[in-house]
Amino acid sequence: MAMEFSHEPVLLDECIEGLAIDPDGIYVDGTLGGAGHSEEICRRLSERGTLIGIDRDQDAIDAAEARLAGFSCRRILVKSNNTEIASILAEYGIDKIDGALLDLGVSSHQLDVAERGFSYMKDAPLDMRMDREEPVTAGELVNDLPEEELARIIKEYGEERYARRIASGIVRFRKKQDIETTGQLAEIIKNAMPAAARRENQHPAKRTFQALRIEVNGELSGLRTTLEDLIAALKPGGRLAVISFHSLEDRIVKETIARHENPCTCPPNIPVCVCGKVPDMIRINRKPITASPEEEERNPRSRSAKLRIGEKIQKR
């Protein structure tokens, strides 16, 4: 399985340029995936440099070990949630890092392997766990959650305007039998939506599957913790690069970097700052970096990608 793990890295050149890699530096890839970004980081590191790769998916760790084996830099690959970055760095005696990368969302491998249950295009058990040792699957959510809670998740995380209709359709179906597969759920979603919505360009189930995946894996709830811990670990001059694919993720990234760039909490009518909070980051790009038309054509997943980069500065 590990050797089959494939994932085309999104915005690869832009990420590597944005990280401004020091050959002797220490870099964290908090979403290792297929190690596409990590491979390019390692290519630029000397034998004194270090890559720390973190992923919840054992398939990703196994594949990365094989893919990165030929590089001379120190490589630390950890099966864990990136919300544990502070304890991971402490465990390896690392105080500060020179850069960090997060490529948020689901990997191509996880979508392509049907039995992982992420894809609405392939009928498989309804799973969606990035870490298959976690206890709760998407199947348990759709079969056990109250209708109101299902509607909230689908609306909030999927930004689905027909969330109530879909939640109602799920509850009606599960009264007759359990929903066990991705194919069953995709059909339920399609039937719950009005005909006009079913004719839209994207698959009717896309937003609902996204919402369930985010909930199963706690993707948004842990993101703020991860960002704050990575920023705290950066040396002055160190950079954080984050690729997001979802407006809620992007908003969290944008707001976090902006808050570190302008942390003052004084009322706007006070002429001089008295709160004592000083900036410790600057934004490298004011607007998010997006994929070129060529990359979008080559890799459709890149179409919704947004890259934001921040640099740690010495507190003044």
Side-chain angles (χ1 to χ4, degrees), residues 31 56-57 59 81 83 104-224 244-252 300-301 303-304:
T31 46
R56 288 189 274 185
D57 190 335
D59 287 355
N81 194 317
T83 56
L104 304 172
V106 66
S107 76
S108 303
H109 170 80
Q110 289 165 334
L111 287 171
D112 291 343
V113 177
E115 63 264 27
R116 300 299 297 270
F118 285 97
S119 176
Y120 42 79
M121 303 299 288
K122 302 168 183 176
D123 195 28
L126 198 49
D127 193 322
M128 299 195 195
R129 292 171 298 171
M130 292 178 179
D131 179 353
R132 288 187 275 193
E133 294 179 6
E134 289 291 325
V136 179
T137 67
E140 288 170 273
L141 293 186
V142 298
N143 285 299
D144 298 341
L145 285 181
E147 183 175 331
E148 283 295 313
E149 180 64 3
L150 270 175
R152 182 195 68 78
I153 290 167
I154 296 167
K155 180 177 175 57
E156 187 174 331
Y157 295 159
E159 298 178 299
E160 172 58 76
R161 63 188 182 277
Y162 300 111
R164 288 190 174 277
R165 292 176 66 143
I166 291 166
S168 177
I170 288 170
V171 170
R172 278 198 309 274
F173 187 95
R174 76 189 191 191
K175 285 178 180 175
K176 298 177 286 184
Q177 65 181 90
D178 281 352
I179 303 166
E180 296 179 344
T181 71
T182 54
Q184 279 180 314
L185 180 59
E187 191 66 20
I188 293 164
I189 294 165
K190 189 170 76 171
N191 290 337
M193 296 173 80
R198 294 199 296 270
R199 290 193 294 269
E200 291 178 359
N201 286 335
Q202 69 177 19
H203 194 286
K206 180 178 179 179
R207 289 183 288 261
T208 299
F209 270 61
Q210 171 185 277
L212 291 170
R213 188 203 82 220
I214 288 171
E215 177 67 16
V216 166
N217 296 289
E219 293 174 42
L220 291 177
S221 59
L223 180 55
R224 286 186 177 87
S244 59
F245 296 86
H246 185 286
S247 61
L248 296 178
E249 289 172 340
D250 182 57
R251 192 177 309 150
I252 291 170
R301 182 176 180 260
R303 288 173 189 159
S304 58

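Side chains included, hydrogens not; waters and symmetry mates left out as well; all remaining heavy atoms used. FYI, the numbering just counts along the sequence from 1. This one's a predicted model, so the numbers in the text were calculated from it and none came from an experiment.
Atom CG of Leu126 and atom CD1 of Ile179 lie 8.0 Å apart (nearest 0.5 Å). Considering CG of Asp127 and CD of Glu134, their distance stands at 11.0 Å, rounded to 0.5 Å. Separation of atoms CG (Asp144) and CD (Glu149) is listed at 12.5 Å; rounding is to 0.5 Å. One distance of note links CD of Gln210 with CZ of Phe245; it measures 11.0 Å at 0.5 Å rounding.
Here the shortest heavy-atom pairing between Gly222 and Thr83 reads O-CG2, 3.4 Å. Taking every heavy atom of both residues into account, Ala167 and Ala151 meet most closely at CB-N, 3.7 Å. Looking at every heavy atom in both residues, Val216 comes nearest to Met128 through CG1-O, 3.8 Å. When all heavy atoms are compared, the tightest approach of Tyr162 to Ala197 is CE1-CB, 3.5 Å. Minimum interatomic distance between Ile154 and Ala211 (heavy atoms only, all atoms of both residues): CA-CB, 3.8 Å. Pro204 and Lys190 get closest at one heavy-atom pair: CG-CG, 4.1 Å.
By the 4.5 Å heavy-atom criterion applied to side chains, Glu140 and Pro135 are not counted as neighbours. Contact of the Met130 side chain with the Phe118 side chain is registered, since non-hydrogen atoms from C-beta on lie closer than 4.5 Å. Under the 4.5 Å side-chain criterion, counting only non-hydrogen atoms from C-beta, Asn81 is in contact with Arg56. The side-chain heavy atoms of Arg172 and Ser168, taken from C-beta on, include a pair separated by under 4.5 Å. Looking only at side-chain heavy atoms (C-beta outward), Tyr120 and Thr208 stay at 4.5 Å or farther from each other. A heavy-atom distance below 4.5 Å is found between the side chains of Leu212 and Leu185. For the pair Arg116 and Arg132, the minimum side-chain heavy-atom distance is below 4.5 Å. Put simply, the side chain of Glu249 reaches to within 4.5 Å of the side chain of Leu223, judged on heavy atoms.
With respect to the salt-bridge test (charged N to carboxylate O, under 4.0 angstrom), the residues Lys206 and Glu200 do not qualify. Taking a cutoff of 4.0 Å between a charged side-chain nitrogen and a carboxylate oxygen, Glu148 and Arg164 qualify as a salt bridge.
A donor-acceptor pair under 3.5 Å links the side-chain atoms of Gln184 to the main chain of Thr181, judged by distance alone. Side-chain N or O atoms of Asn143 include none that pairs as donor or acceptor with a backbone N or O of Arg174 at under 3.5 Å. Side chain of Arg198 to backbone of Met193: a donor-acceptor contact under 3.5 angstrom is found. Remark: the backbone N or O of Glu219 is not paired with any side-chain donor or acceptor of Asn217 at under 3.5 angstrom. Of the possible polar contacts, one joining the His246 side chain to the Tyr157 backbone as a donor-acceptor pair under 3.5 Å is found. Between the Glu180 side chain and the Gly139 main chain, no donor and acceptor come within less than 3.5 Å of each other. Remark: the backbone N or O of Leu104 is not paired with any side-chain donor or acceptor of Thr31 at under 3.5 angstrom.
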Between Leu141 and Val136, does a side-chain contact (heavy atoms from CB on, under 4.5 Å) hold up when you go through it step by step? CA-CA 8 Å; Leu141 293 186; Val136 179; 3.9 Å; yes
Go through Leu145 and Ile153 one step at a time and tell me if the side-chain contact (heavy atoms from CB on, under 4.5 Å) criterion holds. CA-CA 10 Å; Leu145 285 181; Ile153 290 167; 3.6 Å; yes
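Within a 6.0 Å sphere centred on CZ of Arg224, other residues, nucleotides and ligands contribute 12 heavy atoms or fewer.
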